[in-house]
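Input: a single structure, listed below in structure tokens.
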Amino acid sequence: MSTPPLSPVHGGPTPLSGPAVHLFELITSSWVAAAVSAAAELGVADTMSGEPTHVDEIAKLVEADTDALHRLLRACADLGVVEEHPGRNYALTELGRALRSDAPDSMRGFARWLGSPAERSTMAHLADAVRVGGPVFEAVHGVPVWDYMRANPRSASVFDQGMTDISSQLTRSLVDEYDFADSECLVDVGGGRGRLLSLILAANPHLRGVLYDRPEVVSQLDPALGREGVAERCRVESGSFLDSVPAGGDTYLLASVIHNWNDADTVRILTHCRTAMTAEGRVLLAEVLVPERPEPARTAKFMDLSMLVHCDGKQRTRSEFAEVAERSGLRLNRVVPGLGVSVVELVRA
């Protein structure tokens, strides 16, 4: 009697063979994401350490059913998020620490958003988005994505924290890779709660900053923005960048913002920045670029599918950024590559 082949990711036996094994892993990756998202939503990492803790204690702290939590944690152990010990004891791994709310590289907010009903129910209609060639969020939820956020504060809060997490991680290299020596006033357009701006200001003591985002977003600032040495060099303004942006800056940063918008709205936003900036000003777009030629770029290509489903935005190539810049009265000056994102630098045409 033959033994079923082992699944390369999950480690358990599967009756499949050949290409079907790999396809099985791709199809069931949604189960993996759901488990990590559930652990993030419950906040289990916040109750754990590197020392083994009995599941009963963890369950009590997160107000979960003990047996069900054991089943979740033992699955997460196979992913390396926690480590399983005899007697239903679990310890947090180095990987799992990134699910803690207080971790400097926390991804808990992003994991919670990816597992939220709003996100999952929308991505379930990806095929429909491909059929119609545009977002399906409104068809699924009854209103466009940004109207939905305004009407559902809890979902909006999870979304904003998730975007703060992913943006901070993807754009972290921006702090090290881009030289702000020639900048005096940086306007972070759509800067969320200010985590990225706080990092840039901390690394550039000569720089002044302006955080600009929707009123409901900037009402909950990241604590790092209030730290000594940063707070006195930053002011906060609220509004919509579809209408205007604060004037007088010499550098306008849009980090993981432009990919949310179609070309017409992108031109509108960039035109506002060109109008507001000083004569020698520049616009910086921190984005994950799609390669011009066929080559692997999983992050960019799957982010692009998320944009397709949700908001009629898209991940762009260098040439596509050059095109929208030209329509906005700007010129693509250079692209500074980074570990997470590239910085597309635009100047007046």
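None of these values were measured; they are calculated from a predicted model.
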Exercise. Which residues satisfy the ring-ring contact (aromatic ring centres under 6.0 Å, His included) test with H259, sequence neighbours excluded?
Worked result: none
Seminar exercise, completed: Applying side-chain hydrogen bond (donor to acceptor under 3.5 Å, both in side chains) to E177 and not counting sequence neighbours gives none
Problem set entry | Pairs involving residues 273-282, ordered by first then second residue, that meet salt bridge (charged side-chain N to carboxylate O under 4.0 Å, His left out) (sequence neighbours left out) | R282-E345
Seminar exercise, completed: Exactly one of L285, V324, L254 clears side-chain contact (heavy atoms from CB on, under 4.5 Å) with L346, and that residue is L285
Exercise. Could you state the interatomic distance from CG (D46) to CZ (R108), rounded to the nearest 0.5 Å?
Worked result: 5.0 Å
Problem set entry | Qualifying residues under ring-ring contact (aromatic ring centres under 6.0 Å, His included), relative to F159, sequence neighbours excluded | W113, W146
For this session: Using the salt bridge (charged side-chain N to carboxylate O under 4.0 Å, His left out) rule, collect all pairs that involve residues 123-152, keeping only residues at least two apart or in two chains.
Result: D128-R131, D147-R150
For this session: Quick one: pull up CG in N260 and CE in M163 and give me the separation to the nearest 0.5 Å.
Result: 8.5 Å
Problem set entry | salt bridge (charged side-chain N to carboxylate O under 4.0 Å, His left out) pairs, two or more places apart, involving residues 307-332 | D263-K314, D263-R316
Problem set entry | Side-chain (H310) to main-chain (V136) donor-acceptor, under 3.5 angstrom | no
Seminar exercise, completed: A124 meets the side chain to side chain contact (heavy atoms under 4.5 Å, CB included) criterion, sequence neighbours left out, with none
For this session: Output yes when a side-chain donor or acceptor of T93 lies under 3.5 Å from a complementary backbone atom of V81, and no otherwise.
Result: yes
For this session: Keeping to residues at least two apart or across chains, list the ring-ring contact (aromatic ring centres under 6.0 Å, His included) pairs with something in residues 198-242.
Result: F241-W261
Problem set entry | Co-members of the apolar cluster containing L186 [side chain, <4.5 Å] | L174, V175, Y178, F180, L196, L197, L199, I200, L201, L207, L211, V218, L221, L225, V230, V236, L253, L284, V336, V343
Exercise. Are any of the side-chain nitrogens in D105 or R97 under 4.0 Å away from the carboxylate oxygens of its partner?
Worked result: no
Problem set entry | side-chain hydrogen bond (donor to acceptor under 3.5 Å, both in side chains) pairs, two or more places apart, involving residues 222-234 | R195-D222
Exercise. More than 12 heavy atoms of other residues, nucleotides or ligands under 6.0 Å from CD of E292: is that the case?
Worked result: yes
Problem set entry | side chain to side chain contact (heavy atoms under 4.5 Å, CB included) partners for R74, two or more places apart | H70, R71, E84, Y90
Exercise. Is it true that atom NZ of K301 has more than 12 heavy atoms of other residues, nucleotides or ligands lying nearer than 6.0 Å?
Worked result: yes
Exercise. Between Y148 and H141, how do the two ring planes meet: parallel, tilted or perpendicular, split at 30° and 60°?
Worked result: tilted
Problem set entry | Which residues share a salt bridge (charged side-chain N to carboxylate O under 4.0 Å, His left out) with R293, sequence neighbours left out | none
Exercise. Any side-chain heavy-atom pair from L289 and Q315 closer than 4.5 angstrom?
Worked result: no
